[in-house]
4 protein chains.
Amino acid sequence: MTSPLSAAVRDEIERTRKIVADLHAELPRWELVVWTAGNVSQRVKVPGGDDLFVIKPSGVSYDDLSAETMVVCDLDGNLVEGAKAPSSDTAAHAYVYKHMPNVGGVVHTHSTFATAWAMNQEAIPCTLTMMADEFGGPIPIGPFALIGDDSIGRGIVDTLSGGRSRAVLMANHGPFTIGRDGKDAVKAAVMVEEVARAVHSARQMGTPVPIETHLIDSLWDRYQNVYGQGGSETAPLTLSI
Amino acid sequence: MTSPLSAAVRDEIERTRKIVADLHAELPRWELVVWTAGNVSQRVKVPGGDDLFVIKPSGVSYDDLSAETMVVCDLDGNLVEGAKAPSSDTAAHAYVYKHMPNVGGVVHTHSTFATAWAMNQEAIPCTLTMMADEFGGPIPIGPFALIGDDSIGRGIVDTLSGGRSRAVLMANHGPFTIGRDGKDAVKAAVMVEEVARAVHSARQMGTPVPIETHLIDSLWDRYQNVYGQGGSETAPLTLSI
Amino acid sequence: MTSPLSAAVRDEIERTRKIVADLHAELPRWELVVWTAGNVSQRVKVPGGDDLFVIKPSGVSYDDLSAETMVVCDLDGNLVEGAKAPSSDTAAHAYVYKHMPNVGGVVHTHSTFATAWAMNQEAIPCTLTMMADEFGGPIPIGPFALIGDDSIGRGIVDTLSGGRSRAVLMANHGPFTIGRDGKDAVKAAVMVEEVARAVHSARQMGTPVPIETHLIDSLWDRYQNVYGQGGSETAPLTLSI
Amino acid sequence: MTSPLSAAVRDEIERTRKIVADLHAELPRWELVVWTAGNVSQRVKVPGGDDLFVIKPSGVSYDDLSAETMVVCDLDGNLVEGAKAPSSDTAAHAYVYKHMPNVGGVVHTHSTFATAWAMNQEAIPCTLTMMADEFGGPIPIGPFALIGDDSIGRGIVDTLSGGRSRAVLMANHGPFTIGRDGKDAVKAAVMVEEVARAVHSARQMGTPVPIETHLIDSLWDRYQNVYGQGGSETAPLTLSI
């Protein structure tokens, strides 16, 4: 990060600060977080240089978040811009952006039911058409990883690369989701909690009936190509390293 | 839809756009939906022609819904009026309106507990007086059906025709409800989630005591004829093809 | 109700209409009701005559409730004053006021967890100090009763008379609560749902440890005599016919 | 409390009244309390004298709380200042402040899931990284204790002294939490309910995988020393008598 940022990149950073601040409001709205837990980030493309991303500062109340308080980091997780320390999960976000170039947004929460599956280290089976639509199959479990180095980020990338799911349940920790941009990753965070809760509820009464693989494939293909109002917002995210 | 619509029908469409937009606000209010999931529609009678219905556009946030953004479709599910693509569930709504002429409103959600029963493919037993009042018996399970043709609509119609229940739990998918109008179908969507949750909670602790059939009949008869403030709003919906 | 009401009683009716309308807002606030379900009433003393009570009209949205829309009934459940039909549960409220002269308020809801216990026809065991405080022991189950005559009211009175509990879980139906006044009965409705939910949650994981009877007695005695800011609001309700 | 309070202490009392009133709003916000249940207090240091604390009055609605209605007590639980009787849990708060000089805030709720574990008299196992971060291990169960003397306070102090957890689940009663100040204790109350709920949810489906002790130690050490924006707010609370 030695060269100065262009005016276009500076504009994009300011625009992204606003987007990321607004997306944080979705986390308490959908009851995915308590207190200061959870974080959203979004990539900023830097033409001819290394990308950056905007993320929430550490330990700050959801009431006090604004575009100004958001911080900017590089893909090694170093603080580039901002008055506050970045989220303690910044290294994980950075690792994902560095190793999954198609990913434009990352979200982490401790949403209750997704976290329940995570601590049982059990993948959520694909027993709902909305899961087939959104995730194309089960929601996988990632490894147990300590915070403080790149092991969380590596666990996310290793689990999601080459698959369809935009969500991983990190063992004994909670869900991380990825997306084309921050909003897409927030949507995945909302949906993973909803399916985690619904399948959990079904399991308490009996055994959810699995959906056959070829039907999951059919639902997934259709949803990625037809749903929504068209345009780039609905283009599928290709998960490859 | 070749002949122009009369002024009276045009007025009715505008009135219905407003009603349907307002009814959508009930879905997040009663926590039946997350993100852009769920949809409400209401029939527009076209004297001397084929009826129409007003429905939500596809993939639009609940914050951005208004009378203007609602779209109008014919009973084959074709878009007649509106700037956005109709809900991806439009074909199912259209099929219901076409084959159940007494139905004036249709609602679809993925509400959590109703969806839990749906993925276990187990009907909700009638163990509550409010279920007997509202649904006249158990809430039935519909078939597994892929989106994209008329199989969802056919599954709804086949399951509900001739019965009392205004709600069907489509297997591995979620609840669809019908009513005299959109509001009545929304009420059924609220009530099916409430009974799904209550009976689920009871099942976690033991075995809900069934209500005898003749008592269910008695409760159903009374509720359809006595409850509320009288007038057409409370007239029973006759479910026949 | 042949003699005209005195000015003092008329004032008391107006005051009570306002109180009862405001108390209804507590039911959705504490998530005890959906749609138009649930009702609160409060007695109006008529010196030298038969008491009256104020109650919610039937089938009206919680958004549309106001002091003006509340209706006044006599202790046989007949409408005395009001433009709308009284709640369909009016006969039960009337029966309670007629047969329990110390009761000044009655509430009925279908709150989810209390209703779950009701449909399992299982009393909530007293395993919480707050239950001992508020209810002095288990929350009892009342009989299965059809709506339409005095069997619900009789079931409430028979179950609660001579006991400590201000709440009864009517079988396959839901909770009714009583109190010194409407507010006290609403408090009981809030607390019965809370304990129903907490004990339900404990039962899902194991066996709640019972509190010994002499300790329940000690907690009950203290709470009825010490808690709160003193004054008539906190005087214990004596449950006798 | 015979000597008059200095102007500096008087200012600190007024400042603390405001803080404690505001912190009470967090309890309903995070759905930890119903009706008038729950209370927050914060210590006021009195240089050269015995400390005081500010606490909620007894049996007052959360809508009616303000800095002015808060009351001031000494470390024996006697009312020093205030128009209303102090919370019925004041003796427990006082005992904690008297015997744990590092504790600056105490919170008590009947939050549902923490209370469920409390009535099963089962400690919440440490199966989540966020539990290791916040509580450094399991959340312990305290003894059954009647209200009215110092047995609740003694139970809290005996259970928490020398440990890492800032939360104790008093048997058949509910959680008490402590902190550096009121806000820190409120955070612990929010987090204990969240982990109680998540681990409860996991238990309903299977067996949460324990985290090895050395990994818990590692997470705890890091969180106490690194997380947040630095400064005294994040200094660890040393739990010693």
| message | With heavy-atom distances below 4.5 Å as the criterion, would you say the side chains of A:S88 and D:R222 are in contact? | response | yes
| note | So, the part of D:S201 with a heavy atom under 4.5 Å from chain A: the answer is both
| message | So which atom in A:T115 and which in D:A198 form the shortest heavy-atom distance, rounded to 0.1 Å? | response | CG2-CB, 4.5 Å
| task | Under 4.5 Å heavy-atom distance to chain A, tell me which part of D:E26 shows up: side chain, backbone, both or neither. | result | side chain
| Which atom names give the shortest non-hydrogen contact between D:W30 and A:V33, and what distance separates them? | CZ3-O, 3.7 Å
| message | Looking at A:N172 and D:T127, would you say the former's side chain and the latter's main chain have a donor-acceptor pair under 3.5 Å? | response | yes
| said: Can you tell me which of A:F144, A:W35, A:W117 forms the most heavy-atom pairs within a distance under 4.5 Å of chain D? | reply: A:W35
| With a 4.5 angstrom heavy-atom cut-off, which part of A:V199 approaches chain D: side chain, backbone, both or neither? | neither
| task | Kindly compute the distance separating CG (A:N120) from CZ (D:R203), expressed to the nearest 0.5 Å. | result | 10.5 Å
| field | Euclidean distance, D:M205 CE relative to A:H200 NE2, rounded to 0.5 Å | value | 4.5 Å
| Partner of D:T129 under side-chain contact (heavy atoms from CB on, under 4.5 Å), chosen from A:H173, A:M119, A:M170 | A:H173
| remark: Distance col, row D:K187:NZ vs A:S61:OG, nearest 0.5 angstrom, shows 11.5 Å
| When rounded to the nearest 0.5 angstrom, what is the spacing between CG in D:L219 and CG in A:L146? | 5.0 Å
| In terms of heavy-atom proximity below 4.5 Å to chain A, should D:M191 be classed as side chain, backbone, both, or neither? | side chain
